[in-house]
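Reading through the C-alpha cells given below for one structure.
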Protein chains: 2
Amino acid sequence: MYTYTNSLYKLIERRSVDLVSSKDVAKLSGFSQATVSRVMNSPDKVNSKTKKKILKTMEQLNYQPNLIARSLITNRTKTIALISGELHNAFFVETTDSIVNLASKYGYKTMVYFDNGNNAKEIYNSVVGAKVDGILMSSIMLDDPLLEEIENSGIPYMFFNRRPRRGGNYVVSNNKLAGELITKHLIGLNHNRIAYISGELNISTFLERKQGFEQALKKGNIEIDSSLQCITDASTSEVEKKTLKLINYSNPPSAIVYATDAMALVGMNAILSMGLNIPDDISIAGIDNNSISSHYAIQLTSVGNPGFKMEELAMEILIEVMTNKNITRRQIIPNPEVIIRRTTSVKN
Amino acid sequence: MYTYTNSLYKLIERRSVDLVSSKDVAKLSGFSQATVSRVMNSPDKVNSKTKKKILKTMEQLNYQPNLIARSLITNRTKTIALISGELHNAFFVETTDSIVNLASKYGYKTMVYFDNGNNAKEIYNSVVGAKVDGILMSSIMLDDPLLEEIENSGIPYMFFNRRPRRGGNYVVSNNKLAGELITKHLIGLNHNRIAYISGELNISTFLERKQGFEQALKKGNIEIDSSLQCITDASTSEVEKKTLKLINYSNPPSAIVYATDAMALVGMNAILSMGLNIPDDISIAGIDNNSISSHYAIQLTSVGNPGFKMEELAMEILIEVMTNKNITRRQIIPNPEVIIRRTTSVKN
DNA sequence: TTGAAAGCGCTAACAC
DNA sequence: GTGTTAGCGCTTTCAA
C-alpha cells in the first residue's frame with residue numbers, strides 16, 4: 001500500500017513531458033495492461049468493480065491514451081483530411097467550418113490542407129503518410145492524375161464542389177444548370193450583351209458553369225461574343241483587370257456574370273471604385289451564394305442550394321463509407337436555384 | 001534474381017490497402033530495415049551506391065513511410081494543433097489561412113479545431129492524445145483553467161489574439177489602445193453619445209477594448225452612460241438585437257463602436273435594413289480590420305495592424321520553441337492604428 | 001558502412 | 001473476467 005501511494009505521488013507530480021501510459025495505470029491499479037485497454041475499448045467485458053478502480057486510477061494520473069500507439073495497431077486514426085481551396089474564397093470558409101465541426105461531432109479530428117493550385121501531390125503524400133481514415137477534397141481537377149492514385153489507395157474519400165471528368169465519388173452542384181439559370185435571369189431582364197468571367201477551365205465548376213452560360217445564350221438566340229468571355233486565374237488582381245477591361249470597351253456589356261461569388265465580390269469592388277453604379281450602370285451576378293452575398297451592403301444576385309450543404313452531405317457519406325466498408329460509387333448532383341438580390345436589374 | 005522480380009511484381013501489384021513497409025523495401029533491395037531507415041533520416045551516413053539502390057526500390061514500390069509508426073518512436077508528429085475561434089468571424093478566416101499555410105511551409109501538418117465557447121477542454125484532450133508538437137490557440141479565456149494544464153503539459157504553445165489574465169505566451173494586439181483609438185476618432189468627429197457593443201468580458205479582447213473605450217470617454221470628458229453599453233454573446237442575432245435597441249432609443253447614440261469588425265458587419269446589416277444611412281444617420285466602427293472591411297461596398301472604419309500578422313509571428317515563435325527547447329516567456333503586444341473609411345463622419 | 005535486436009504504447013488473440 | 005504474449009512499422013543503440 002505504501003509503495004503504491006509513493007509511486008502514485010511520483011506519477012502525479014511528474015509533468016506530461018514523460019507521460020502516463022496504460023502500463024502505469026495497470027501497475028498502480030493492480031490489473032494488467034490488457035484490462036486497462038478493455039476499460040477503454042470494450043468496457044462491458046470487464047467487471048464493474050474493476051472498471052471503477054481503473055477509471056479512478058486513470059483520473060488520478062490524468063491518463064490520456066496515446067492515440068499514436070493505438071493507431072499503429074488498429075490502423076485507424078480517427079482523423080480525416082480536408083483538402084480545400086484557399087479561404088480567400090468565402091465558399092471554402094463555410095465548407096471548412098462545416099466539415100471540421102461535423103467531423104468533430106462524429107469523433108474525428110481534421111487535418112486541414114489548402115491547395116494553392118500546385119501542391120496537390122505534395123499534400124496527397126502527406127495525407128497518405130498520416131494514415132487518415134478518409135479524405136474530403138474539393139480541389140480536384142478535371143483530368144487530375146491524383147484520381148487514380150486516390151482510387152487505388154483504398155482510402156475512403158469524397159470530392160465536393162469539384163469533380164473529375166470521369167468517375168470518382170462526389171457531391172457537386174449542377175453547375176451547368178447554375179450557369180444557365182443565372183444567364184437566363186439576365187436575359188429575362190433584357191440584357192443581350194452579357195460578359196462572363198471565369199476561372200481556368202481545367203476545373204469542373206468553371207467548365208460546367210461556362211457551358212451553362214453558353215447554353216442559355218444559345219437558347220436566348222444571343223450570339224456568343226468571345227470578346228465578352230474572360231478565362232483567367234481566379235486571383236484578385238486578374239479579376240479586377242478583366243472587369244476593368246470589359247467596362248472600358250466602347251460598347252461595354254450591360255451585365256457581367258462571374259463564375260463565383262468570390263470573383264463577383266472582387267468585380268463589384270472594381271466597378272464601384274470606378275464610380276459606376278450597380279445595377280443602374282451595370283448588372284453583376286455570381287454563383288455559390290456565399291453568406292456575405294446576402295449582406296445588405298452587398299446584395300449580390302447569385303445561384304445556390306439554399307437549405308442544403310453539399311460538404312455536409314459529402315461528409316455524411318464519407319462517414320458511412322469509413323464505417324461500412326462496402327464502397328459503392330456515389331455521385332450526387334443537386335440542382336441549384338437563382339437567388340435574386342439587388343445587383344441585377346432590367347437593362348435600361 | 002528471379003525471386004526478387006517475382007516478389008517485386010507482387011508488391012507493385014497490390015494496392016495500398018496493405019501498404020508497403022520499410023521491411024519490404026529492405027527485403028527487396030537486399031539491405032536491412034535499419035539501412036532503409038538511415039536513407040531517410042541520415043542519408044549521409046550511408047554508402048551512396050546503397051542509397052541509390054534503396055531509393056530506387058522505394059520508388060518502385062511507391063513506398064511512403066508510416067508516419068504513425070515513426071511518431072511512436074520519435075515522439076514527434078510534425079503536426080501542430082490550431083485551436084481557433086469559429087470562421088463566422090472573418091478574423092479567424094485570415095488567421096487560419098495564414099497558419100495552415102505557414103505550418104505547411106515549415107513541414108508541419110495542421111490539425112484544426114474550432115472552439116464554439118464550450119468545447120475547449122474536450123478539444124484540449126484530443127490535442128494531447130494526438131501528440132501534436134505544438135499548439136497555436138486563440139480561444140483562451142481570461143481565467144481559463146486550461147492555462148495551467150497547457151503550461152504543465154510541456155507542449156510548446158502560443159496564444160494569439162486573446163491572452164489569459166496572467167502569464168502565458170502570446171502575441172496579441174494592444175486591445176486597450178485599439179478601443180481607445182477608435183473612440184478618440186469618434187470623439188474627434190464631435191460624437192458624444194457613443195454606444196459600445198461588446199462580447200463577453202471573460203475574454204481579453206473584449207475586456208481590454210472596452211477599457212480602452214471607457215478611457216477615451218474619460219479623457220474626452222464624456223460621462224459613461226451604461227445604457228449605451230451592451231455586453232452580449234457575439235452571435236448574429238444578439239448583435240442585431242442590441243443594435244436595434246440602441247437605434248430605437250428616443251435619444252439614440254450618434255455612433256456605435258463594435259468590439260469586432262465581424263460584429264460591426266452584423267450591425268451594419270441591421271442598420272441598413274432599417275432604412276438608415278451610414279454614416280449620415282449614424283456612424284459605426286469596428287476593430288480587427290478584416291479584409292472584407294476594405295471592400296468598397298462596406299468601407300468600415302476599423303482598427304488594425306496593417307502589414308503585420310500576429311498569427312504569423314505567433315507561428316514563427318512556436319516553430320522556434322518547438323525546435324530549440326529553451327522556452328522563455330514570450331509576450332508580444334504590437335500597437336494598432338485606426339484605419340478611417342466611410343462609416344464614420346462628423347456628427348451633424 | 002551495415003545489421004541485429006530492442007522497444008515506443010497500445011491492442012488483440014489466446015489461454016486460463 | 002483477466003493475464004500473458006506477440007506485434008503494429010518504425011528508429012536507434014550496440015556490435016561487427
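Lettering follows sequence order; numbering is per chain, from 1.
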Counting only side-chain N and O atoms of B/T35, is one of them less than 4.0 Å from OP1 or OP2 of C/dG3? yes
Any donor and acceptor pair, going by atom type alone, linking the side chain of B/Y170 with main-chain N or O of B/N161 inside 3.5 Å? no
Between B/F31 (CZ) and D/dT11 (P), how many Å, whole number? 18 Å
Could you work out, with salt bridge (Lys or Arg N to Asp or Glu O under 4.0 Å) as the rule, every residue matching A/R330, not counting sequence neighbours? A/E320
Quick note, side chain to side chain donor-acceptor pair (under 3.5 Å) partners involving residues 40-56 of chain A, not counting sequence neighbours, are A/S37-A/N41
Between B/E148 and B/R166, is the closest basic N to carboxylate O distance under 4.0 Å? no
Take the protein atom CG of B/N47 and the nucleotide atom P of C/dG3, then report the distance between them rounded to whole Å. 11 Å
Reading nucleotides 8-13 of chain C from the 5' end, what letters show protein touch, with B for base, S for backbone sugar-phosphate only, - for no heavy atom under 4.0 Å? BBBBBB
Taking five pairs at each end, how big is the angle between the two axes of the helix from C/dT1-D/dA16 to C/dC16-D/dG1, to 10°? 30°
With a sphere of 6.0 Å drawn around CD of B/E316, does it hold more than 12 non-hydrogen atoms of other residues, nucleotides or ligands? yes
Could you work out, with side chain to side chain donor-acceptor pair (under 3.5 Å) as the rule, every residue matching A/T77, not counting sequence neighbours? A/D133
In chain order, what residues pass the ring pair (Phe, Tyr, Trp, His ring centres under 6.0 Å) check against B/F92, with sequence neighbours excluded? none
